[in-house]
Amino acid sequence: MRPKRLEDVSGQKALLAPNKPLRLAIETGRLHSMVFWGPPGTGKTTLAKLVAQQSAAEFVSLSAVLSGVKDIRAAVEVAQQRMLAGMGQTVLFVDEVHRFNKSQQDAFLPHIEDGTIIFIGATTENPSFELNNALLSRVRVYVLQSLQVEDIVELIDRALDDCERGLGNLGLEMHADVRKQLAETVDGDARRALTMLEIAADLSADGVISSELIGLILAGGSARRFDNKGEGFYDQMSALHKSVRGSNPDAGLYWLCRMLDGGCDPKVIARRVVRMASEDIGNADPRALRIALDAWEAQERVGSPEGELSLAQAVIYLCVAAKSNAVYTAYKKAMSLVKQTGSLEVPLHLRNAPTSLMKELDYGKGYRYAHDEEHAYAAGEQYLPDALHGSEFYHPVERGLEIKISEKLKMLRKLDQKSG
């Protein structure tokens with residue numbers, strides 16, 4: 001059922017609308033090297049074949065999973081022979097191009113440069129991270145989107161009606177609601193939709209593809225795309241973190257469930273939730289950190305799927321907790337200053353003096369024990385190195401417990417001023 005005409009391509013209207021660069025390149029046959037970046041089953045291979053077909057170019061396909069530099073050289077040699085014989089251009093299609101390492105990617109560069117090949121790569125990963133800059137500078141990246149439900153339904157309709165390449169000669173009956181059900185469960189993946197439809201056709205004894213049959217086929221597996229090393233992982237984790245920071249418990253819960261449904265390790269989420277508790281809530285509500293740690297421990301002790309409820313509880317609490325990034329900001333300022341100022345000496349009065357020699361060298365001399373002071377505070381005492389005396393990192397916000405912390409610090413600073 002792979003489309004043989006642009007008109008039959010489902011979805012990708014933003015790329016294939018009239019007068020769009022990709023559409024013009026395909027229709028006019030004026031080809032350029034490109035990379036198709038998008039989720040599985042969105043038409044990357046189909047578009048590559050249409051590019052070659054429309055321009056009457058030879059289509060040579062490589063898989064980065066199975067091929068190496070030797071295969072690249074062989075494909076380039078075919079292209080060179082065609083060019084010398086005046087037989088036209090060669091489209092070299094490389095599926096899963098992100099799996100090639102830097103040296104393998106570099107092997108394409110001179111042949112793209114001199115026009116020996118029209119390079120088309122397909123990848124599910126972000127080219128900015130997975131392809132080297134030299135290759136990216138010689139291609140145009142086109143972003144393909146997941147197919148919408150109506151696109152998948154259209155694809156199912158064509159497959160059921162087409163007697164030559166589809167299932168039309170089987171006379172299958174599939175109600176519109178069931179077609180929509182299938183379309184909604186494949187997560188925008190056309191290939192998965194056709195695979196599930198074919199399985200349903202094989203299992204349908206009476207020629208009726210029912211809702212129950214589709215449910216049976218899909219039972220026990222998630223259609224959600226998730227790769228804990230891919231861009232989708234970082235995008236969804238970022239969405240979860242930003243939802244917590246933005247105090248939106250509904251969005252936080254949604255992204256948590258999206259990641260769990262996609263197969264993300266709950267422990268990975270638990271670690272990030274602990275980070276959120278310190279980075280975005282901090283001392284505005286110190287209970288958040290304890291709740292995050294308790295949720296992590298509960299998940300590990302109870303296991304899946306019951307333990308995930310504790311993560312949901314923690315995420316919701318963090319979403320509604322008072323927010324402060326004062327700890328995070330203070331930590332970054334302090335770390336930056338440490339890196340800038342090097343190994344400054346510890347003031348003598350703060351040093352430990354366990355031996356007589358150290359005492360003779362004035363280690364610990366003049367140190368004021370805070371508990372012996374009024375308010376248990378040695379007003380005016382210096383705790384930073386001399387070069388950093390007076391530096392301030394932590395500035396509590398006027399939210400949650402940090403309101404009280406701010407009041408306490410202001411009181412202590414007034415005592416410092418009086419002692420000065």
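Small disclaimer: the values here were computed from a predicted structure and weren't measured. By convention here, the first residue in the shown sequence is residue 1.
- When the salt bridge (Lys or Arg N to Asp or Glu O under 4.0 Å) test is applied to D162, no partner is found at least two apart in sequence or on another chain.
- The ring pair (Phe, Tyr, Trp, His ring centres under 6.0 Å) test applied to F59 returns F93, not counting sequence neighbours.
- D416 places no side-chain N or O within 3.5 Å of a backbone atom of A379 that could act as its donor or acceptor partner.
- The main-chain N or O of A321 is found under 3.5 Å from a side-chain atom of K323 such that the two form a donor-acceptor pair.
- Considering every non-hydrogen atom in both A201 and L170, the closest pair reads CB-CD1, 4.4 Å.
- Screening residues 17-31 for side chain to side chain donor-acceptor pair (under 3.5 Å) gives R23-E27 as the qualifying pairs, with residues at least two apart or on separate chains.
- Looking at R138, its side chain does come within 3.5 Å of a backbone N or O of A134 through a donor-acceptor pair.
- For the pair S67 and F100, the minimum side-chain heavy-atom distance is below 4.5 Å.
- Side-chain polar atoms of T185 and Q181 form no donor-acceptor pair below 3.5 angstrom.
- Within 6.0 Å of atom CZ in R290, more than 12 heavy atoms from other residues, nucleotides or ligands are found, so the atom counts as buried in its surroundings.
- Proximity of a side-chain donor or acceptor of D189 to a complementary backbone N or O of V186 within less than 3.5 Å is not detected.
- The 12-atom threshold is exceeded at CD of E7, counting heavy atoms of other residues, nucleotides or ligands nearer than 6.0 Å.
- The salt bridge (charged side-chain N to carboxylate O under 4.0 Å, His left out) contacts involving residues 386-401 comprise E392-R413, where partners must be two or more places apart or lie in separate chains.
- Checking side-chain atoms of R192 against main-chain N and O of G41 turns up no donor-acceptor pair under 3.5 Å.
- A 4.5 Å side-chain heavy-atom check between L66 and D71 finds every atom pair outside the cut-off.
- Nearest heavy atom pair, residue G188 against residue I152, reads C-CD1, 4.2 Å.
- A heavy-atom distance below 4.5 Å is found between the side chains of T124 and H98.
- Applying the 6.0 Å contact sphere to CZ of R368 captures more than 12 heavy atoms from other residues, nucleotides or ligands.
- Checking side-chain atoms of N101 against main-chain N and O of Q104 turns up a donor-acceptor pair under 3.5 Å.
- Taking the side chain as every heavy atom from C-beta outward, T123 and F36 never approach each other to under 4.5 Å.
- Side-chain atoms of H349 never come within 3.5 Å of backbone atoms of E381 as a donor-acceptor pair (strictly under, hydrogens ignored).
- Atom CD of E198 has 12 or fewer heavy atoms from other residues, nucleotides or ligands within 6.0 Å.
- No side-chain heavy atom of T355 sits under 4.5 Å from any side-chain heavy atom of Y363.
- Using a 4.5 Å heavy-atom cutoff, the side chains of S204 and M174 are not in contact.
- The minimum heavy-atom distance between P127 and L136, with the atom names listed, is O-CD1, 3.6 Å.
- The neighbour count for E407 CD, taken as heavy atoms of other residues, nucleotides or ligands under 6.0 Å away, is above 12.
- Remark: F393 CZ is packed, more than 12 non-hydrogen atoms of other residues, nucleotides or ligands lying under 6.0 Å away.
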Audit row: Y394, I405, side chain to side chain contact (heavy atoms under 4.5 Å, CB included) steps and yes/no | CA-CA 11 Å; Y394 180 52; I405 294 174; 3.8 Å; yes

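- Shown here are the side chain to side chain donor-acceptor pair (under 3.5 Å) partners of D8, two or more places apart in sequence or in another chain: R5.
- Using a 4.5 Å heavy-atom cutoff, the side chains of M237 and V268 are in contact.
- The shortest distance between side-chain heavy atoms of N352 and M358 does not fall below 4.5 Å.
- Remark: F119 engages F108 in a ring pair (Phe, Tyr, Trp, His ring centres under 6.0 Å) (not counting sequence neighbours).
- Salt bridge status for D95 with K44: absent, with no side-chain N to carboxylate O gap under 4.0 Å.
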